[in-house]
Amino acid sequence: MAVSLLATLPTTLPATAQAGDFLAQAKLFPAATHPLGQTLTRLAPRADPQVLQLAASALACAEPGAERLAVIDYSLPSTEPRLWVFDLAQEQLLFEELVSHGRGSGDAEATIFSNTPESYQSSLGLFRTMNSYYGRNGYSLRLEGLESGVNDLAYQRAIVIHGADYVSEAFIRQTGRLGRSHGCPAVRQEVTYPLIDSIKEDHYLFVYYPDPEWLATSAFLSCDHEPAQWAMN
């Protein structure tokens with residue numbers, strides 16, 4: 001399990017080094033790989049396979065029968081695609097997209113995360129998608145944070161998926177990074193409607209960063225349930 005691997009790392013290492021070593025060590029334990037993670041890796045070969053394995057494990061713990069899953073890898077800079085949306089039932093990659101982080105989380109790269117209102121920081125962990133609506137940022141998707149103390153204030157903080165003009169290749173060329181939100185995972189305006197519609201209402205979003213405390217304590221990453229046997233081609 002991810003949590004047991006992380007627990008074996010020296011506690012004197014810096015946080016990012018511990019998390020990096022955790023991911024490196026995970027590659028040495030093929031028995032720990034999840035069949036769904038292998039499917040996600042096949043569908044999104046440019047994503048980090050270890051991140052996809054964690055996403056698969058978290059989803060198997062929450063809802064093995066889920067039909068759609070979105071994954072954000074905030075270990076990547078905002079100039080790179082770091083959001084993937086999967087149709088699990090059809091085994092298809094629906095979107096590979098740029099996505100913003102909160103201005104309180106960092107500049108071109110996100111490094112700080114919290115569950116704190118008014119922090120303008122992004123949150124990690126597993127979310128369930130809720131309803132879509134029209135708000136001050138246009139068409140948006142509410143999120144329910146499922147991890148106590150990590151992201152469970154997402155609804156109260158109005159952390160939602162929405163489109164933004166500062167999420168674009170043009171903005172990157174002008175500033176060297178994407179614009180930043182108040183903590184929301186904002187996407188390109190051109191994909192707002194189809195992306196939100198693809199995952200709204202009882203699907204899942206997994207948001208990753210190599211934070212050792214979260215990796216070691218997340219209830220969804222240390223689940224004792226048997227992994228679901230996802231279909232493999």
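We count residues from 1, following the sequence as given. For clarity, every value in this text was computed on a predicted model and none was experimentally measured.
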- Note on the structure: What one should report as the nearest heavy-atom pair of F113 and S123 is CD2-N, 4.4 Å
- Task: Please report the closest heavy-atom contact between S168 and L178, naming both atoms and the distance.
- Result: N-CD2, 3.6 Å
- Query: Between W214 and Y74, is the ring centre distance below 6.0 Å?
  - Reply: no
- Message: Checking Y193 now: which residues fulfil ring pair (Phe, Tyr, Trp, His ring centres under 6.0 Å) with it, not counting sequence neighbours?
- Response: Y139
- Item | Residue Q92 excluded, over 12 heavy atoms near CD under 6.0 Å | yes
- Criterion side chain to side chain contact (heavy atoms under 4.5 Å, CB included) on R188 and E97, from CA distance to verdict: CA-CA 8 Å; R188 292 187 304 125; E97 284 291 328; 2.7 Å; yes
- Taking only Lys NZ, Arg NE, NH1 and NH2, and the carboxylate oxygens of Asp or Glu, determine whether E80 and R46 approach each other closer than 4.0 Å. no
- Task: Could you go through the side chain to side chain contact (heavy atoms under 4.5 Å, CB included) check for L141 and I199 one step at a time?
- Result: CA-CA 9 Å; L141 176 63; I199 56 171; 3.8 Å; yes
- Looking only at non-hydrogen atoms, find the nearest pair between I161 and L143 and report the distance. CG1-CD1, 4.2 Å
- Query: For G106, does its backbone N or O pair with a side-chain atom of R180 as donor and acceptor, under 3.5 Å?
  - Reply: yes
- Message: Taking the side chain as everything from C-beta on, heavy atoms only, tell me whether Y208 gets closer than 4.5 Å to S75.
- Response: yes
- Message: Can you give me the closest heavy-atom contact between L221 and A58, atom names plus distance?
- Response: CD2-CB, 4.1 Å
- T116 versus Q121: any side-chain heavy-atom pair under 4.5 Å? no
- About how many Å separate OG of S132 and CD of E201, when rounded to the nearest 0.5 Å? 6.0 Å
- Minimum heavy-atom distance between C184 and V160, given as atom pair plus value: CB-O, 3.0 Å
- Task: Please confirm whether the backbone N or O of L126 pairs with a side-chain atom of N151, one donor and one acceptor, at under 3.5 Å?
- Result: yes
- Task: Taking the six-membered ring for Trp and the full ring for Phe, Tyr or His, determine whether the centres of Y204 and F127 are under 6.0 Å apart.
- Result: no
- To the nearest 0.5 Å, how far apart are CG in L215 and CG in L124? 8.5 Å
- Examine distances only and state if a side-chain atom of S181 and a backbone atom of S100 form a donor-acceptor pair shorter than 3.5 Å. no
- Roughly how far apart are L54 CG and L59 CG, rounded to 0.5 Å? 12.5 Å
- For S198, check side chain to side chain contact (heavy atoms under 4.5 Å, CB included) against everything at least two apart and list the hits. R68, V85, L94, F95
- Among L205, L40, D87, find the residue that satisfies the side-chain contact (heavy atoms from CB on, under 4.5 Å) test when tested with L69. L40
- Supply the atom-to-atom distance R42 CZ to L93 CG, rounded to the nearest 0.5 angstrom. 11.0 Å
- Item | Within residues 144-192 or reaching into it, pairs that qualify as ring pair (Phe, Tyr, Trp, His ring centres under 6.0 Å) - sequence neighbours excluded | Y120-H182
- Item | Between H101 and R82: side-chain donor-acceptor atoms closer than 3.5 Å | yes
- Item | For E147 against A219, the heavy-atom pair lying closest together | OE1-N, 4.5 Å
- So CG of L83 and CG of L195: to nearest 0.5 Å the spacing works out to 6.0 Å
